[in-house]
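Chain identifiers are assigned alphabetically (A, B, ...) following the order of the sequence lines, protein sequences preceding nucleic acid strands; residue numbering begins at 1 within each chain. Since we're looking at a predicted model, the values are computed, not measured.
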Number of protein chains: 2
Amino acid sequence: MKIGDLARRTGLTAHTLRYYERIGLLPRASRDSSGQRNYDASILVWIEFLGRLKTTGMPIRDMLRYAKLRARGAATEDARRVLLQQHRAKVQAHVAELKACLTVLDTKIAGYAAGASKVEVDDDATAIRPAGKIRARPARARGN
Amino acid sequence: MKIGDLARRTGLTAHTLRYYERIGLLPRASRDSSGQRNYDASILVWIEFLGRLKTTGMPIRDMLRYAKLRARGAATEDARRVLLQQHRAKVQAHVAELKACLTVLDTKIAGYAAGASKVEVDDDATAIRPAGKIRARPARARGN
DNA sequence: GCTTGACTTCGAGCGCGCTCTAACCTGTAG
DNA sequence: CTACAGGTTAGAGCGCGCTCGAAGTCAAGC
């Protein structure tokens, strides 16, 4: 499979696929006689999984850590499981947060629908600092 | 209330608060005799709401559209309701997507936990292109 | 008077995740 | 032989949402 086909199948652009290979998210694809990438269909599974991680908000650097563990084989399965479990917890927390926001949105929408310039809609007095986001600045540590 | 206090109360930095004012997300704060911003406590409600929008993934340019409608008063309530309803739908869809991803994660984690290098964990053959993301490039239209 | 700390404006810089351009190469159809 | 589609690389550029630095002002406390 050539890069254009893979692009069509995954919904990513060829540019993005090359970019992913460059940074190590995708393994270096084998090349044909004229240097063009030739993909095995099995890559689709991996790319889809990457898509899930991306959808759930995992930053590329973390996907990269996972990818590198994966590349090192079965010995890293524990580490990978831990990584996914931590990510899962974050996603779950985020879903809960979103649901809370949804009810706030619903309240506000209901206010607009019912009130029609009769109720003071802009002041629903909920407390600030909703879920303990204490501004712990991420500390920008790099180093793979 | 001075900007530092507001920063502490909201969890945003003073830098960010000034930035928000600059771009129009926050109304221009009144200044005291020496030019320092003096905030009314009512701003907290608005900032919290902005936080909800941000948490739910609304881009700043959309918050800006909402903020400008809000600034124009009660006549824009219909438009604001529509805007929030559209956003709500997106958020709900995103939550559904995340939940689907959670079950995928769970499957994979379970595979690692049970298998321990006995099952082939890296090939759960789910179909690619999970939720009809057809690569409609956003079309980058600017203009407020 | 002097230091300290919190504020002001303006504008540059950054991290992220792509996205695109330029210049070039290759295989196939007409 | 020519045209064209689609591939290659290296590297620059972009949109987003901040984040920070420089240089200056101001008020309070010692």
Side-chain angles (χ1 to χ4, degrees), chain A residues 1-26 28-39 43 47 50-67 90 133 135-144, chain B residues 1-26 28-39 43 47 50-67 90 133 135-144:
Chain A
M1 197 193 304
K2 293 209 282 181
I3 199 170
D5 304 331
L6 186 58
R8 270 180 290 281
R9 281 189 193 225
T10 57
L12 302 172
T13 67
H15 280 307
T16 301
L17 289 168
R18 286 190 209 101
Y19 166 69
Y20 280 180
E21 179 177 316
R22 217 154 68 199
I23 65 174
L25 260 194
L26 298 181
R28 179 173 165 82
S30 59
R31 315 293 160 117
D32 68 14
S33 56
S34 72
Q36 299 192 189
R37 287 168 182 80
N38 202 335
Y39 291 97
I43 197 73
I47 292 176
L50 286 178
R52 303 282 190 185
L53 295 182
K54 177 174 152 188
T55 293
T56 50
M58 182 184 283
I60 281 185
R61 70 178 100 78
D62 291 356
M63 297 188 207
L64 223 39
R65 298 207 302 137
Y66 185 86
K90 283 181 203 162
K133 291 196 165 172
R135 168 126 308 255
R137 213 87 68 70
R140 294 198 187 303
R142 306 301 285 104
N144 204 216
Chain B
M1 196 194 305
K2 293 208 284 179
I3 200 170
D5 304 331
L6 185 58
R8 269 180 291 283
R9 282 188 191 227
T10 57
L12 301 172
T13 67
H15 278 306
T16 301
L17 289 168
R18 286 190 210 99
Y19 166 68
Y20 280 0
E21 179 177 315
R22 218 153 67 199
I23 64 174
L25 260 194
L26 297 181
R28 180 174 165 82
S30 60
R31 315 293 161 117
D32 68 13
S33 55
S34 71
Q36 299 193 188
R37 288 169 182 79
N38 203 336
Y39 291 97
I43 198 72
I47 291 177
L50 286 179
R52 302 283 190 185
L53 295 182
K54 176 174 152 189
T55 294
T56 50
M58 183 184 283
I60 281 185
R61 72 178 100 74
D62 291 357
M63 297 189 209
L64 224 39
R65 297 206 303 136
Y66 185 87
K90 283 181 204 163
K133 291 196 163 173
R135 170 125 305 254
R137 213 87 69 70
R140 294 198 186 303
R142 308 301 283 102
N144 203 219

Would you check, one step at a time, whether the test side-chain contact (heavy atoms from CB on, under 4.5 Å) holds for B:Leu53 with B:Asp62?
-> CA-CA 9 Å; B:Leu53 295 182; B:Asp62 291 357; over 6 Å; no

B:Asp32 has an atom CG; how far is it from atom C1' of D:dA27, in whole Å?
-> 10 Å

Nearest 0.5 Å please: distance from the CD1 atom of A:Ile60 over to the OH atom of A:Tyr19.
-> 4.0 Å

Any donor and acceptor pair, going by atom type alone, linking the side chain of A:Asn38 with main-chain N or O of A:Met1 inside 3.5 Å?
-> yes

Starting at atom CD1 of A:Ile47, determine the distance to atom C1' of C:dC18, rounded to an integer number of angstrom.
-> 15 Å

Grab the CG-P distance between B:Leu64 and D:dC16 for me, whole Å please.
-> 12 Å

Length of the line joining A:Tyr39:OH and D:dG6:C1', which is rounded to integer Å = 14 Å

Per-nucleotide protein contact along nucleotides 3-12 of chain C, 5' to 3', at a 4.0 Å heavy-atom cut-off (B base, S sugar-phosphate only, - neither), is ----SBB-B-

Between CD1 of A:Ile60 and P of D:dC16 the distance, given in whole Å, is 18 Å

Check step by step if side-chain contact (heavy atoms from CB on, under 4.5 Å) holds for B:Ile47 and B:Leu17.
-> CA-CA 9 Å; B:Ile47 291 177; B:Leu17 289 168; 3.9 Å; yes

Apply side-chain contact (heavy atoms from CB on, under 4.5 Å) to the pair A:Arg31 and A:Arg37, showing each step before the final yes or no.
-> CA-CA 4 Å; A:Arg31 315 293 160 117; A:Arg37 287 168 182 80; 3.6 Å; yes

Between A:Leu17 (CG) and D:dT8 (C1'), how many Å, whole number?
-> 14 Å

Criterion side-chain contact (heavy atoms from CB on, under 4.5 Å) on B:Lys90 and B:Met58, from CA distance to verdict = CA-CA 9 Å; B:Lys90 283 181 204 163; B:Met58 183 184 283; over 6 Å; no

Rounded to whole Å, the NZ-P distance (B:Lys54 to D:dC16) equals 16 Å

Length of the line joining B:Leu25:CG and D:dG17:P, which is rounded to integer Å | 9 Å

Please check the phosphate of D:dC18 (OP1 and OP2 only) for any side-chain N or O of B:Tyr20 closer than 4.0 Å.
-> yes

